[in-house]
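These notes concern the structure reproduced below.
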Number of protein chains: 2
Amino acid sequence: MKSLSIKDIAVKANVSITTVSFIINGKAKEKSISEAVIEKVKKIIEESGYKPNQIARSLRTGNSNIIGLIIEDISNSFFSRIARLIEDKAYKRGYKIIYSSTENNIDKAKELINLFKSRKVDAYIISPIKGIEEDVQMLLDDGNPVIFFDRNLPNVETSYVGADHFNASYQSIQSFIDQGKKNIALVTTDINVAQITERHDGYKKALEDNGIKYDDNLVLKIHFNQEENETIEQIKALFENKKIDAVLFATNYLAISGLKALKQIDKKIGGDFAVIAYDDHEAFELHTPRISAIQQPLEEIAEAIIKLILNRLSSKGKLPAEELIIPTRLVLRN
Amino acid sequence: MKSLSIKDIAVKANVSITTVSFIINGKAKEKSISEAVIEKVKKIIEESGYKPNQIARSLRTGNSNIIGLIIEDISNSFFSRIARLIEDKAYKRGYKIIYSSTENNIDKAKELINLFKSRKVDAYIISPIKGIEEDVQMLLDDGNPVIFFDRNLPNVETSYVGADHFNASYQSIQSFIDQGKKNIALVTTDINVAQITERHDGYKKALEDNGIKYDDNLVLKIHFNQEENETIEQIKALFENKKIDAVLFATNYLAISGLKALKQIDKKIGGDFAVIAYDDHEAFELHTPRISAIQQPLEEIAEAIIKLILNRLSSKGKLPAEELIIPTRLVLRN
DNA sequence: AAAGCGAAATAAAACGATTTAGTATGTAAA
DNA sequence: TTTACATACTAAATCGTTTTATTTCGCTTT
């Protein structure tokens with residue numbers, strides 16, 4: 001069964017397509033359509049269950065009411081939660097979200113941008129990776145709103161919403177030091193993005209400010225796409241070979257692997273060994289003992305992203321790039 | 001800057017739009033376009049970076065190469081993992097996924113179906129809830145492929161992929177009984193979907209088959225949309241007021257809440273008190289002691305869904321509805 | 001009665017692709 | 001020489017909307 005078109009409605013109501021279109025789009029008054037006709041047409045639309053074809057509409061108007069969301073991995077709880085919040089908020093304002101995961105693969109990220117471009121999404125929300133600067137710049141040059149979140153690309157001038165990774169990391173290390181820890185390790189990833197280097201820098205700075213010498217041997221960089229088992233082995237090696245009394249995990253999935261590693265070598269978390277994880281996770285509250293974590297205010301981040309996007313969409317001219325750095329919360333669980 | 005259209009390419013190459021279209025769509029040979037022209041046009045497309053406007057293409061061909069995925073909640077790890085797998089597999093076959101969460105809200109689910117319909121998605125993958133039968137039936141009547149997963153709606157005849165919830169539940173209870181447990185509780189939700197009632201039925205049947213009387217007081221039905229704190233209080237009440245030596249949690253988020261509750265009342269999991277959770281979760285492996293869980297084979301489920309969808313998309317005629325019941329795996333962690 | 005004007009409605013172009021039904025040309029078969 | 005047919009290519013219709021420009025009509029005004 002073919003679905004109804006505006007033409008079918010026009011025929012049924014015995015008016016022109018134009019008239020129906022004006023009524024659908026709330027321009028009836030403005031275009032001085034008579035009350036009687038408005039009523040008649042609305043009734044027919046109601047009864048027939050007609051819904052305008054969004055594809056035709058998009059083709060004509062050039063916008064899709066779709067926002068593209070490009071993230072690292074939808075199955076990571078940080079991203080899936082943010083996605084859910086963004087989806088909710090966008091939905092309430094009449095926008096749909098399409099999301100897709102890059103898996104930190106530059107080619108896939110580029111492909112996704114092209115795909116979204118050919119689908120004429122109205123705006124892009126991207127958690128970017130290095131190597132896509134040019135592609136993003138092209139989007140911007142074409143006048144598309146683009147918001148980065150979680151991570152930033154220094155050479156691209158567009159708005160950014162993210163947590164204060166540097167300070168979050170700094171404070172965690174400071175709290176270790178306040179507890180009297182001296183040999184503080186950092187387990188991080190080797191992906192080259194601002195958010196990760198900021199976390200690394202905060203670690204360094206906190207040590208230096210407290211007169212502790214930075215030791216590269218206490219920093220473990222895990223390769224992004226490797227098997228979890230290998231990660232666990234590397235973390236075990238770190239703890240077995242070095243004297244360490246505190247560790248900051250730079251992402252929640254690293255922390256999960258780390259906890260597994262600690263369990264395997266039976267290293268207890270407690271008085272003389274402390275752990276903090278970046279990004280909270282359900283497992284941390286439940287763990288015995290409970291694991292301290294840096295919480296990013298997801299709700300605030302999502303809200304900020306949507307606000308920026310909608311501002312850009314509603315204003316014709318280009319707005320200056322804004323940077324929103326949102327403070328994190330260190331939840332110490334002991 | 002306006003993006004290029006097929007017309008621009010045609011002008012540049014000094015051929016007709018038709019010719020360009022044939023070449024883009026790989027019909028050049030079939031339509032006997034000369035090798036020289038093919039080369040020339042391809043070169044121009046390459047150099048200019050032209051990408052066909054998918055919206056125009058969709059309008060004309062009537063299909064979008066988009067599959068709509070309607071789930072309960074993308075931030076639930078079961079769904080986000082499935083989503084990721086489906087996305088991956090679909091992507092490799094040239095399909096995009098748009099997903100959206102219903103939050104178990106009938107109106108939102110209906111709205112989503114309409115939204116996807118007006119966007120002309122090629123197929124629907126739905127984890128359905130009661131109350132949307134008519135809407136789905138309309139989709140089917142219009143010839144749209146619809147696949148249910150995780151849950152089924154008995155009165156709608158369409159393909160379904162899901163785990164063997166009844167047996168999973170049955171086996172869990174049987175394993176409790178084999179360990180000598182007698183007072184076995186079930187913590188489940190009050191949402192009225194097949195998958196949840198099947199889990200309940202499996203619980204009942206296993207008890208009966210072992211000569212244990214079913215006791216409604218040992219079954220706690222948690223209201224779906226309530227605050228987690230309330231859930232925890234209810235679970236605490238259950239354990240404090242009844243003599244219970246084993247419990248099956250019917251979803252992973254209930255298990256998470258349950259573990260929190262057990263921690264609060266300091267009830268230890270071990271020899272004389274056993275726990276199994278439906279759907280595995282990272283927290284369970286890490287928990288002390290480790291928590292047993294029923295694993296659904298996500299990869300298999302995703303693969304089955306995609307296969308069914310693609311079959312339906314490639315065959316013109318309607319195929320008979322298929323039901324794929326996939327066995328689960330009970331992982332006992334002690 | 002002609003001109004002017006506002007109200008009410010519409011015809012037709014446009015968006016950017018696909019596809020049907022051609023046309024023009026050269027060559028082989030009758 | 002005509003017919004047939006393959007080759008190489010294209011004009012124009014079409015998908016379902018939005019939107020610009022235009023028409024039609026009745027009513028005032030001069």
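Only heavy atoms go into these numbers, but all of them, side chains included; no hydrogens, no water, no symmetry mates. First the proteins, then the strands, lettered A, B, ... as listed; each starts at 1.
In this structure, B:I9 atom CD1 and C:dT18 atom P are separated by 13 Å, rounded to whole Å. In this structure, B:K7 atom NZ and C:dA17 atom C1' are separated by 13 Å, rounded to whole Å. At whole-Å resolution of the value, NZ in A:K120 and P in C:dC15 are 13 Å apart. Note: CD1 (A:I6) to C1' (D:dT18) measures 8 Å, nearest angstrom. For the pair B:I17 CD1 and C:dA21 P, the interatomic distance rounds to 19 Å; values are reported in whole Å. In this structure, A:I38 atom CD1 and C:dA7 atom C1' are separated by 13 Å, rounded to whole Å. Here D:dA8 presents its C1' atom at 15 Å from CG of B:N14, a figure rounded to the nearest Å. Atom NZ in B:K40 sits about 12 Å away from atom C1' in D:dA8, given to the nearest Å.
More than 12 non-hydrogen atoms from other residues, nucleotides or ligands lie less than 6.0 angstrom from CD of B:E133. At most 12 non-hydrogen atoms from other residues, nucleotides or ligands lie less than 6.0 angstrom from NZ of A:K42.
An angle of 80°, rounded to 10°, separates the two end axes of the helix from C:dA1-D:dT30 to C:dA30-D:dT1, each defined over five pairs.
Using a 4.0 Å cut-off between a side-chain N of Lys or Arg and a carboxylate O of Asp or Glu, A:E35 and A:K29 qualify as a salt bridge. Between A:E299 and A:K89 a salt bridge is recorded (basic side-chain N to carboxylate O distance below 4.0 Å).
Less than 4.0 Å separates DNA chain C from at least one heavy atom of each of the following residues of residues 44-67 of chain A: A:L59, A:R60. Against DNA chain C, the stretch residues 22-31 of chain A makes heavy-atom approaches under 4.0 Å through A:F22.
When all heavy atoms of B:I23 and B:I38 are compared, the pair lying nearest together is CD1-CA, 3.8 Å.
To the nearest 0.5 angstrom, B:I9 atom CD1 is 11.0 Å from B:I17 atom CD1.
Contact between the side-chain N/O atoms of B:S34 and the OP1/OP2 oxygens of D:dC9 is found at a separation under 4.0 Å. Between A:T18 and C:dT10 there is no side-chain polar atom (N or O) within less than 4.0 angstrom of OP1 or OP2. Between C:dA7 and A:S32, no contact under 4.0 Å exists linking OP1 or OP2 to a side-chain N or O. Considering only side-chain N and O atoms, B:S21 lies under 4.0 angstrom from the phosphate OP1 or OP2 of C:dT18.
Partners of A:E103 by salt bridge (charged side-chain N to carboxylate O under 4.0 Å, His left out), not counting sequence neighbours, listed by chain and number: A:K108, B:R84. With sequence neighbours left out, B:R93 forms a salt bridge (charged side-chain N to carboxylate O under 4.0 Å, His left out) with B:E303.
Counting only residues at least two apart or in different chains, ring pair (Phe, Tyr, Trp, His ring centres under 6.0 Å) contacts with residues 41-80 of chain A are absent.
Side-chain atoms of A:E87 and A:Y99 form a donor-acceptor pair, as typed in the model, at a separation below 3.5 Å.
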task: Let me see the working for A:R57 and B:S118 under side chain to side chain donor-acceptor pair (under 3.5 Å), right down to the final yes or no.
output: CA-CA 10 Å; A:R57 194 173 252 186; B:S118 69; over 6 Å; no
query: Are A:N152 and A:E323 close enough, and set up right, to give a side chain to side chain donor-acceptor pair (under 3.5 Å), and what steps lead you there?
result: CA-CA 10 Å; A:N152 208 348; A:E323 287 218 349; 3.1 Å; yes
